[in-house]
Amino acid sequence: LVRPATARDVKAVRELARRGRREVRLSVRSSDGIGSGAVPELLWVVEAGRGEIVGCCGVRETGPGEWELHTLYLGPEWRGFGLGRALLGNAVRAVQQEGGLEIRFVVSPEALQAIALARQLGFVDGPAGARDGSLLVLPLVRAS
């Protein structure tokens, strides 16, 4: 089940984000800002049986018309079933509805599956010089 995240899910989403960073061997920050309320964000989760959260996707507005995909993770055993596509598709549609013009995604070059999924959904290479990984950009057309 892919659904919008609730306040109850924030702890599980943070843990999934940490697992994702460990998987691609990125440094794990103690505070990544997910669910902090400091910056409005939109989050979705994949809920498995018994309420277990096994995937997450989050975006936040970074400037007028500019959004950042800050979280995209799906447990390895849940990949290949279209759940990542559903998560990212929800994020893209929501950003379009909010009037977003672009989604940026800084992703570790080692996160090959996330990069492949983003490219399948239209993300392209952004300008060189992303400090923590590869920058992918999805230009958007506003939803009518």
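Quantities reported herein were computed from a predicted structural model and do not represent experimental measurements. Numbers for residues simply follow the sequence, beginning at 1.
Cluster annotation: Val124 and Phe105 are assigned to distinct hydrophobic clusters (Ile/Leu/Val/Met/Phe/Trp/Tyr, side-chain heavy-atom contacts under 4.5 Å, transitive).
Side-chain contact between Trp44 and Val59 is present, with heavy atoms from C-beta onward closer than 4.5 Å. For the pair Leu88 and Phe123, the minimum side-chain heavy-atom distance is below 4.5 Å. Two residues are said to be in side-chain contact when any heavy atoms from C-beta on lie closer than 4.5 Å; Val106 and Ser134 fail this criterion. Taking the side chain as every heavy atom from C-beta outward, Glu110 and Leu112 never approach each other to under 4.5 Å. Using a 4.5 Å heavy-atom cutoff, the side chains of Arg85 and Gln120 are in contact. Arg14 has its side chain out of reach of Cys56: every pair of non-hydrogen atoms, C-beta onward, lies at least 4.5 Å apart. Put simply, the side chain of Val92 reaches to within 4.5 Å of the side chain of Leu140, judged on heavy atoms. The closest side-chain heavy-atom distance from Ile103 to Val137 is not below 4.5 Å.
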message: Is there a side-chain contact (heavy atoms from CB on, under 4.5 Å) between Val46 and Leu1? Walk through the geometry before answering.
response: CA-CA 5 Å; Val46 175; Leu1 171 66; over 6 Å; no
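Pairing each heavy atom of Gly84 with each of Leu74, the nearest pair is N-CD2, 3.6 Å. When every heavy atom of Ala114 is checked against every heavy atom of Val107, the shortest pair comes out as CB-CG2, 4.3 Å. Pairing each heavy atom of Ala118 with each of Leu136, the nearest pair is CB-CD1, 3.9 Å. Closest of all the heavy-atom pairs between Gly55 and Leu87 is C-CD1, 4.2 Å.
Listed by chain and residue number, Asp125 satisfy the side chain to side chain donor-acceptor pair (under 3.5 Å) test with Arg119 (two or more places apart in sequence, or in another chain). Glu66 pairs by the side chain to side chain donor-acceptor pair (under 3.5 Å) definition with nothing, not counting sequence neighbours. Ala86 pairs by the side chain to side chain contact (heavy atoms under 4.5 Å, CB included) definition with Val2, not counting sequence neighbours. The side chain to side chain donor-acceptor pair (under 3.5 Å) test applied to Glu52 returns no partner, not counting sequence neighbours. With sequence neighbours excluded, the residues that form a side chain to side chain donor-acceptor pair (under 3.5 Å) with Arg3 are Asp9, Glu47.
The line from NZ of Lys11 to CD1 of Ile53 is 13.0 Å long, rounded to the nearest 0.5 Å. Rounding to the nearest 0.5 Å gives a distance of 11.0 Å between CG of Leu16 and CG of Leu72. Here the CG atom belonging to Leu69 is positioned 5.0 Å from the SG atom belonging to Cys57, to the nearest 0.5 angstrom.
Applying the side chain to side chain donor-acceptor pair (under 3.5 Å) definition to pairs two or more places apart or across chains, those involving residues 72-82 are Glu23-Tyr73, Glu23-Arg79, Arg79-Gln113. Sequence neighbours left out, the pairs with a member in residues 97-107 that pass salt bridge (Lys or Arg N to Asp or Glu O under 4.0 Å) are Glu102-Arg104.
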